[in-house]
Amino acid sequence: MSGAIQQKTIQNPVTIKGVGLHTGRKCKTILHPAAPNTGIKFIRTDLPEKPTFQAVVDQVVDVVRGTTLGVGESRVYTIEHILSALNGLEIDNLTVEMDDNEPPVLDGSALGFIEALQSAKIIDQPAEKRFFTVQSPLDYSSHQTKIRIEPADVFQVVVTIDYNHPMISNQTLSFKRGDDYVKDIAPARTFCFDYEIEALRKNGLAKGGSLDNAIVVGPNNIYNSGVLRFPDEFVRHKILDLMGDLMLLGSPIQAKITATRCGHGHNVKFLKQLIQEKIIPLNA
């Protein structure tokens with residue numbers, strides 16, 4: 001690459017408060033600047049040993065209704081929206097202190113994290129970014145899910161969802177580095193179907209879920225008052241989630257990724273396959 005691109009962090013700590021999606025408990029997350037080459041780290045300050053979780057795919061222990069990192073018996077849940085905001089703002093190094101096992105869900109999108117990070121002021125650091133790319137295409141396939149990565153000069157994702165449902169149907173959208181993540185992707189909210197809610201709560205999940213932080217889809221309607229933020233808000237949120245999970249490589253990707261029917265489980269399996277088979281540092 002011509003011209004070094006610097007790593008980024010934030011200048012000042014910033015605090016985010018709210019309710020955990022799955023616990024329903026009030027929680028607080030503090031985002032701190034971190035030194036070059038630190039990557040993204042989560043710390044559970046509510047636990048005596050204050051375990052630290054590195055945001056890398058090897059520490060993913062669960063992908064049910066979100067991406068979960070684990071160290072020993074300790075967990076941090078639903079980290080994908082924070083990670084997506086960091087990807088969208090191209091932030092490389094950050095320490096995330098949490099006083100519970102998940103960050104606030106806020107409105108179910110990445111917008112609140114974006115606003116907090118921007119208020120903390122994003123700054124360049126005296127270290128060069130290390131991009132990851134591939135020398136040839138690689139395909140991941142499982143049932144109806146397909147994810148393909150191929151060489152490209154700029155990061156790009158093309159995501160397709162295909163639900164046999166009148167309120168969602170088939171949606172495809174492309175996003176590339178240089179597009180407006182803050183305007184076009186960050187506001188897209190998470191969604192679920194009404195029949196899923198009872199099962200989630202029987203399993204102790206979604207205790208903090210409400211129409212204020214998720215789009216709830218019924219057989220022929222959307223329960224939320226008002227309109228969707230975008231006609232294709234569903235596929236935009238899938239891009240948001242995918243961009244969060246891609247941060248688990250530990251360095252930004254410079255490649256084109258085309259995904260059909262992707263989700264956290266498939267995203268993580270794809271990354272593991274990528275690490276095992278093809279991934280190469282571009283400017284190592």
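All of these numbers come straight from a predicted model, not from anything done at the bench. Count residues from 1 along the sequence. Scope of the values below: all heavy atoms of this structure, side chains included, with no hydrogens, waters or symmetry mates.
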Option from Q6, Q7, Q125, K129 for which side-chain hydrogen bond (donor to acceptor under 3.5 Å, both in side chains) with D92 holds: K129
hydrophobic_cluster_shared for V60 and L86, side chain cutoff 4.5 Å: yes
Distance-only criterion, 3.5 Å: show the donor-acceptor pairs between side-chain atoms of residues 157-170 and protein atoms not counting sequence neighbours.
| from | atom 1 | to | atom 2 | distance (Å) |
| --- | --- | --- | --- | --- |
| T160 | OG1 | T172 | OG1 | 2.8 |
| H165 | ND1 | M167 | N | 3.0 |
| H165 | NE2 | G218 | O | 2.9 |

Hydrophobic cluster membership, I82 vs V57, 4.5 Å side-chain cutoff: yes
T23 and E102, any side-chain heavy atoms less than 4.5 Å apart: yes
Spacing of CG belonging to L240 relative to CZ belonging to F175, to within rounding of 0.5 Å: 10.0 Å
Distance (rounded to the nearest 0.5 Å) between N12 CG and L31 CG: 12.0 Å
Approximate separation, where rounding is to 0.5 Å, of I40 CD1 and L248 CG: 10.5 Å
Cluster check L246, F132: I/L/V/M/F/W/Y, side chain < 4.5 angstrom: yes
L89 CG to Y181 OH distance, which is reported to the nearest 0.5 Å: 7.5 Å
Residues D100, R25: salt bridge by 4.0 Å N-O rule: yes
Close side-chain approach of L47 to S74, heavy-atom, < 4.5 Å: yes
Residues K176, D179: salt bridge by 4.0 Å N-O rule: yes
Parallel, tilted or perpendicular: rings of F193 and F191 (30°, 60°): perpendicular
Trace of the salt bridge (charged side-chain N to carboxylate O under 4.0 Å, His left out) decision for R148 with D139: CA-CA 4 Å; R148 178 179 177 86; D139 291 287; 2.7 Å; yes
Which pairs of donor and acceptor atoms, one on a side chain in residues 108-124, lie under 3.5 Å apart (sequence neighbours left out)?
| from | atom 1 | to | atom 2 | distance (Å) |
| --- | --- | --- | --- | --- |
| S109 | OG | D107 | OD1 | 2.7 |
| S109 | OG | D107 | OD2 | 3.4 |
| S109 | OG | L111 | N | 3.1 |
| S109 | OG | A186 | O | 3.2 |
| S119 | OG | A116 | O | 2.7 |
| D124 | OD1 | K8 | NZ | 2.7 |

Test item: T29 and T15 side chains (from C-beta on) under 4.5 Å apart, heavy atoms: no
Atom pair CG/CE of L271 and M247 - distance to nearest 0.5 Å: 12.0 Å
Non-hydrogen side-chain atoms of H32 and E97 separated by less than 4.5 Å: yes
Distance flag, aromatic centroids of H81 and H237, threshold under 6.0 Å: yes
From CG (L211) to CG (N224), nearest 0.5 Å: 5.0 Å
Hydrophobic cluster identity match, F53 and I43, side-chain contacts under 4.5 Å: no
Aromatic centroids of H266 and Y140 separated by under 6.0 Å: yes
